2 protein chains.
Amino acid sequence: MSIVTKLETFLDALEGSQTPDDIQSLVVALRESYGVSNAVYHAVNVGPMPYAALTYSPEWMQYYHDQKYVQVDPVVKGAIRQFHPMDWKQLDWSGKGSREFLGEAIAAGVCNQGLSVPIRGPNGQFALFTINDNCNDASWEKFSKEYKRDMMLISHYIHRRVTEILIPESENDTRALSPRETDSLKYLSLGFSRGQISEKLKISEHTLRVYIDSARHKLGALNTIHAVMTAYSRGLISF
Amino acid sequence: MSIVTKLETFLDALEGSQTPDDIQSLVVALRESYGVSNAVYHAVNVGPMPYAALTYSPEWMQYYHDQKYVQVDPVVKGAIRQFHPMDWKQLDWSGKGSREFLGEAIAAGVCNQGLSVPIRGPNGQFALFTINDNCNDASWEKFSKEYKRDMMLISHYIHRRVTEILIPESENDTRALSPRETDSLKYLSLGFSRGQISEKLKISEHTLRVYIDSARHKLGALNTIHAVMTAYSRGLISF
DNA sequence: ACGCTATTCCCCATAAATAGTGAGGGCTAT
DNA sequence: ATAGCCCTCACTATTTATGGGGAATAGCGT
C-alpha cells in the first residue's frame, strides 16, 4: 500500500517539524514523494504576517508578493468560495488581470495542471494547499482521483503544524462576551439597526447601547464595525 | 484493510444520497459500521435553517433546539475555536450552565467519550461531526487514534453533500467588488473611521463614501456593518 | 464603437455612534 | 457573604455615518 506509506511517512515527519524551515523542507520532500512538479502551502489569512512554504522559485514568490497578486490570483479567488478541493480547470481564467497573471505564472515555472485544497481555521484563518504539475488532462485526473484524500489530510496537518508554530498561545485568551452582548453583536452583524435589535431583544435602545459599548471595550475594538468583526473572527458570534 | 473498506463504503454511499433523509440513514449506518453509540452531523451555521443528522433521540434534539443549547453546549463552544478534531476530554465542563447541560445530555443518552471534528466552509459555514461512545479512556484513545483520519474525511464529505443538497446555487452569484471598494471595506473592518481611511487611500471622504455605498449595494447589504461582514465571509476581504 | 464599470468629486438632511456619568437588582463563584 | 459581573434603564453633548440626490473622466470587454 504505497499510498498509505507515503501519507504516513509525511505525517510522521510533520510531527517532528519545529520551524518554518522544517515545513519548507517537508513541502519539497512531498513534491518528490508524490512525483509532482510543485507543492505549495500558502497561508493567505493566518496571523499577522504572510507565510508560504513552496517549491516555486523565490523570485516568483517575491514578485507575487510585491504585485499583491493574492488579490488577483484566480486560484485564491476561486478557492475562497469553495469547500472541496478544486481542480484548476474549474477556475475562471478570463479577464485581463487573470490572463496576464497566468502568462507570468507559467513563465515563472507554474504548471498547467493544479489541485488546490482550501483550508479554513478559527479566527477567519484561510490557507491553500496546492499541488501542481505538467501533464495532460487524463493523467492529471487519474493522479488527482488517487491522491485527493491524501492531499486533504496533508493540507489539514500542514496547516495545523504551521499555526502551532506561528501563532502564539496568547492569541487565544479571549474573555467571552455575555449572552446579551453576543446577541447584540450578532444582530448587528446581520444588518439590523439598533431600533430593530432593541425590539427583537425587548429592551430599550439605551440598554442595547450599553451592551454594544461593553462588548466593544471587552474586545478592545475601535468601533462597532471592528467589534463585530473581532467577535466574528474569534468565533464569538456566528453569521 | 478494513479501515479503507469502511471508509470507501461510506463515501460511495454518500455519493448516492439525494435527500436529507438519506444523510440521516447514512449517519445511522455509520454508527453501526464503526461500532460507536452515536454519530452526529450538526450544521451549526450553514444556510438559513438549522439542520442535523444524528442518532441521538428526537426528544433530546428537540429539547436542545428549544433550549437554544447551541449557545451553551461546551462541544460547540470548544470546537468553534479549534482546528483539529477535538476529544471531549479537552473541553471545559466547568460553569453552571455546562454542568447542567452535561447532566441533561447524559440522561438523554449522550455518552461520556466523544470526538468532534470542526468543519468550516465558505460564507462562514460552520458544522460539527461527532462520534460518541461509552467506554474507558484507554479504549477510546485507541479507537480515536485508529479512526481519526477516517472521521476527518467523513465529516468533510458529509458536509459537502449536505451543502450541495441544502444550499441553492443562487447563493453563489457574487459579483466581485472593485479594488477601491475592497480597500474601503478592509480598512473599515480593521476599525478605522472614514476620515482615517480617506487619508490612507488619499481620496476625499466623499469619494470613500461612494465606494462604501456601492459595495453595500453590490453585496445586497442593509448597512455598512452588514456589508463588511458579508464581504468578509465571502472572502472578498481578509482581516 | 458602444456600453458598462471604476474612479473621483460635491451638497444636504437625518440617523446612528461615541463618550461621559448615573443607578438599582440579580446571579455566581470563591 | 462579599466581590464581580450581568441585566436593565436614564440623560446630555459631540462627532460620524447614512441615504438621497448629481456629474465628470477614463478604461475594459464584446
Side-chain angles (χ1 to χ4, degrees), chain A residues 71-72 74 92-101 174-231 236, chain B residues 71-72 92-101 174-185 187-229 236:
Chain A
Q71 294 174 23
V72 177
D92 175 21
W93 293 95
S94 69
K96 197 191 172 196
S98 296
R99 273 183 276 107
E100 284 177 4
F101 174 81
T174 310
R175 202 171 21 152
L177 299 175
S178 79
R180 289 307 233 184
E181 288 160 352
T182 307
D183 290 341
S184 305
L185 294 192
K186 193 187 314 185
Y187 283 120
L188 282 175
S189 77
L190 293 171
F192 295 107
S193 71
R194 301 200 299 196
Q196 291 173 307
I197 298 171
S198 61
E199 273 181 38
K200 276 179 199 286
L201 297 179
K202 288 172 182 142
I203 55 177
S204 77
E205 213 174 314
H206 300 279
T207 304
L208 176 65
R209 270 184 39 197
V210 174
Y211 295 143
I212 298 171
D213 288 355
S214 63
R216 211 179 52 238
H217 287 125
K218 280 186 189 174
L219 296 170
L222 295 165
N223 55 37
T224 306
I225 294 178
H226 195 202
V228 172
M229 283 297 296
T230 307
L236 304 174
Chain B
Q71 294 174 23
V72 178
D92 175 22
W93 292 94
S94 69
K96 198 191 172 194
S98 297
R99 272 183 275 106
E100 284 177 6
F101 174 81
T174 311
R175 209 173 12 155
L177 300 174
S178 77
R180 290 307 234 181
E181 288 161 353
T182 307
D183 290 341
S184 305
L185 294 192
Y187 283 120
L188 282 175
S189 76
L190 294 171
F192 295 105
S193 72
R194 299 203 297 197
Q196 291 173 307
I197 298 171
S198 59
E199 273 181 37
K200 276 179 200 288
L201 296 180
K202 289 173 183 141
I203 54 177
S204 77
E205 209 173 317
H206 301 280
T207 304
L208 176 64
R209 264 188 45 197
V210 175
Y211 295 141
I212 299 171
D213 289 355
S214 63
R216 211 179 48 239
H217 286 123
K218 281 185 188 174
L219 296 170
L222 296 164
N223 54 37
T224 305
I225 293 178
H226 196 201
V228 172
M229 284 297 294
L236 304 175

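No experiment lies behind these values; they were computed from the predicted model shown.
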Within this structure, what is the [atom1]-to-[atom2] distance between [X] and [N], rounded to whole angstrom?
X	N	atom1	atom2	answer
Ile203(A)	dT8(D)	CD1	P	6 Å
Leu177(A)	dC5(D)	CG	C1'	13 Å
His226(A)	dA17(D)	NE2	P	15 Å
Leu201(B)	dT7(C)	CG	P	11 Å
Glu181(A)	dC7(D)	CD	C1'	10 Å

Quick one, give me the B/S/- string for nucleotides 11-20 of chain C, reading 5' to 3', where B means a protein heavy atom under 4.0 Å from the base and S means that only happens at the primed atoms, P, OP1 or OP2. -B---SBBBB
Nucleotide by nucleotide, nucleotides 22-30 of chain D touches protein heavy atoms under 4.0 Å in the pattern (B base, S sugar-phosphate only, - none) ------SS-
State whether [X] places a side-chain N or O below 4.0 Å from either non-bridging phosphate oxygen (OP1 or OP2) of [N].
X	N	answer
Thr207(B)	dC9(C)	yes
Lys218(A)	dC6(D)	yes
Tyr211(B)	dT8(C)	yes
Ser214(A)	dC6(D)	no

Going by side-chain hydrogen bond (donor to acceptor under 3.5 Å, both in side chains), name the pairs with one or both residues in residues 205-215 of chain B, residues two or more places apart or in two chains.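 Only Glu181(B)-Ser214(B), Ser204(B)-Thr207(B), Asp213(B)-Arg216(B) qualify under side-chain hydrogen bond (donor to acceptor under 3.5 Å, both in side chains).
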For the residue pair [X] and [Y], establish whether any side-chain heavy-atom pair is separated by less than 4.5 Å.
X	Y	value
Leu188(B)	Leu185(B)	yes
Pro74(A)	Asp92(A)	no
Trp93(A)	Arg99(A)	no
Phe192(A)	Asn223(B)	no

Are the side chain of Gln196(B) and the backbone of Ser193(B) linked by a donor-acceptor contact shorter than 3.5 Å? yes
List the residues meeting side-chain contact (heavy atoms from CB on, under 4.5 Å) with Thr182(A), not counting sequence neighbours, and say none if there are none.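 Expected list: Leu177(A), Ile237(A).
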Atom of [X], atom of [Y] and distance for their closest heavy-atom approach:
X	Y	result
Leu201(B)	Ser184(B)	CD1-OG, 4.0 Å
Ser189(A)	Val228(A)	CB-CG1, 3.5 Å
Ser198(B)	Leu208(B)	N-CD2, 3.9 Å

Five-pair end axes of the helix from dA1(C)-dT30(D) to dT30(C)-dA1(D), angle between them (10°):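 The angle separating the two end axes equals 80°.
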Any base atoms under 4.0 Å from Ser204(B), or only sugar-phosphate, or nothing? Heavy atoms, all strands. sugar-phosphate
Tell me, please, which residues at least two apart from Arg180(A) pass salt bridge (Lys or Arg N to Asp or Glu O under 4.0 Å).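 In terms of salt bridge (Lys or Arg N to Asp or Glu O under 4.0 Å), with neighbours along the sequence ignored, Arg180(A) is linked to Asp183(A).
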